[in-house]
Amino acid sequence: MSEYEFILIDEPRPMIRRITLNRPEKRNALSNQLRGEILRAIEAADRDAAIRVSILRGAGTCFSSGYQLGGGNDQNQPYYTPGGPGQWARHVIEGSFRIWDMAKPVIAQVHGYCLAGGSELATACDLVYVAEDAQIGYPPVRLMSPPDMQFHPWMMGLRDAMEMMLTGDSISGTEAAAKGFANRAFPAEELEGRVLDIAERVAKIPTELQQLNKRSMHRAMEVMGLRAAIRAGTEIQALAFTTEASLSYRKEFAQGVRHALSLRDKQFGDYRERDKP
């Protein structure tokens with residue numbers, strides 16, 4: 001029996017471990033079990049002397065639609081985070097920093113929707129390559145709160161980040177590469193092959209040096225305040241959850257996740273509402 005229920009593992013080329021989120025019927029929504037399996041698989045690759053780089057991708061139509069909604073995320077979390085206001089946001093960014101702090105490079109291969117928590121997962125990776133027609137966004141800013149992991153100004157700069165925060169609109173893969181969220185965008189049919197080619201080049205460098213190459217980039221961002229700013233953002237997110245607008249909106253989930261998401265996006269005419277008359 002496989003150690004994992006919601007991910008697939010393969011090694012498509014020498015020294016490359018590929019982890020595939022495998023809840024396509026749920027658009028790879030990040031349940032606590034799936035999140036735990038992702039972290040265990042990345043950590044296992046980091047410990048494996050035969051592996052030098054990991055690729056993270058999604059099965060089906062998208063990379064990930066975000067965290068699993070509808071309640072229950074406070075149960076069976078994959079690792080302990082102290083409680084209190086903002087516990088969830090602090091918990092998920094600790095997961096992101098676990099990936100950030102791995103010795104070996106992790107590459108995100110993004111197609112289709114990469115929304116909310118899915119965009120946070122991709123951002124936690126060292127390199128991000130996207131399909132040109134991918135859709136990356138953080139729609140919860142419209143009625144719930146700012147992000148759990150507020151990476152946007154660090155990756156995209158103030159103006160582009162502000163536009164995403166004040167609209168909740170998505171950007172295409174092509175725009176994501178131009179704005180700094182992703183390294184490069186490729187035609188969807190070329191994405192897998194191009195990512196494997198890049199992973200092969202990354203894997204040519206010994207891990208003992210590659211971990212220092214990674215760390216040099218991360219330390220520069222940390223000196224500029226990235227880690228402290230993202231942690232401070234969890235407190236702002238916790239404050240947002242106390243507002244009347246957020247409290248009122250979250251009650252709508254009692255009528256179903258689809259109802260709540262449609263209510264959020266109907267006036268914008270995007271995401272699941274795009275093709276409705």
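Here the closest non-hydrogen pair linking Pro146 and Gln150 is CB-NE2, 3.9 Å. Contact detail for Arg52 and Pro105: the closest heavy-atom pair is O-CD, 3.4 Å. In this structure, Pro24 and Ala59 approach most closely via the heavy-atom pair CB-O, 3.9 Å. Minimum interatomic distance between Phe268 and Asp169 (heavy atoms only, all atoms of both residues): CD2-OD1, 4.4 Å. The shortest heavy-atom contact between Leu21 and Asn28 is O-OD1, 3.2 Å.
Ion pairing between a basic and an acidic side chain is recognised when a charged N comes within 4.0 Å of a carboxylate O; Arg17 and Asp46 show no such pairing. Taking the charged nitrogens against the carboxylate oxygens, Arg40 and Glu43 have no contact shorter than 4.0 Å, which rules out a salt bridge. The existence of a salt bridge linking Asp265 and Arg272 is excluded, since no basic side-chain nitrogen approaches an acidic carboxylate oxygen closer than 4.0 Å. A salt bridge links Glu192 with Arg18: the distance from a Lys NZ or Arg NE/NH1/NH2 to an Asp or Glu carboxylate oxygen falls below 4.0 Å.
By the 6.0 Å contact criterion, CE on Met162 is open, its count of non-hydrogen atoms from other residues, nucleotides or ligands being 12 or less. More than 12 heavy atoms of other shown residues, nucleotides or ligands fall within 6.0 angstrom of atom CD in Glu190. Within 6.0 Å of the CG atom in Asn76, the count of heavy atoms belonging to other residues, nucleotides or ligands does not exceed 12. The environment of Arg27 atom CZ is sparse: at most 12 non-hydrogen atoms of other residues, nucleotides or ligands sit within 6.0 angstrom. At most 12 non-hydrogen atoms from other residues, nucleotides or ligands lie less than 6.0 angstrom from CZ of Arg47. No more than 12 heavy atoms of other residues, nucleotides or ligands lie within 6.0 Å of CZ in Arg201, so this atom counts as exposed by the packing criterion. Within 6.0 Å of atom CZ in Arg250, more than 12 heavy atoms from other residues, nucleotides or ligands are found, so the atom counts as buried in its surroundings.
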Item to complete: Begin with the C-alpha distance, continue with both residues' side-chain angles, and end with the deciding distance and a verdict on side chain to side chain donor-acceptor pair (under 3.5 Å) for Tyr271 and Gln135.
Response: CA-CA 9 Å; Tyr271 300 112; Gln135 291 294 309; over 6 Å; no
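Cluster membership check: Ile55 does not share its hydrophobic cluster with Ile9, using side-chain heavy-atom separations under 4.5 Å among Ile, Leu, Val, Met, Phe, Trp and Tyr. With hydrophobic clusters built from ILVMFWY side chains whose heavy atoms lie under 4.5 angstrom apart, Leu34 shares a cluster with Leu56. A single hydrophobic cluster is not seen to contain both Tyr67 and Leu261; linkage of ILVMFWY side chains at heavy-atom distances under 4.5 Å, directly or through other members, places them apart.
Taken to the nearest 0.5 Å, the CH2 atom of Trp100 stands 10.0 Å off from the OG1 atom of Thr123.
Using a 4.5 Å heavy-atom threshold, the side chains of Met15 and Ile51 count as separate.
Both the sub-6.0 Å distance and the 45° axial angle are not jointly satisfied by Arg264 relative to the ring of Tyr249. Remark: Arg98 is positioned above the aromatic ring of Tyr79, its terminal NZ or CZ atom under 6.0 angstrom from the ring centre and at most 45 degrees off the axis.
Between Phe241 and Trp88, the ring center distance fails the sub-6.0 Å criterion. Between Phe181 and His152, the distance separating the two ring centers is not shorter than 6.0 angstrom.
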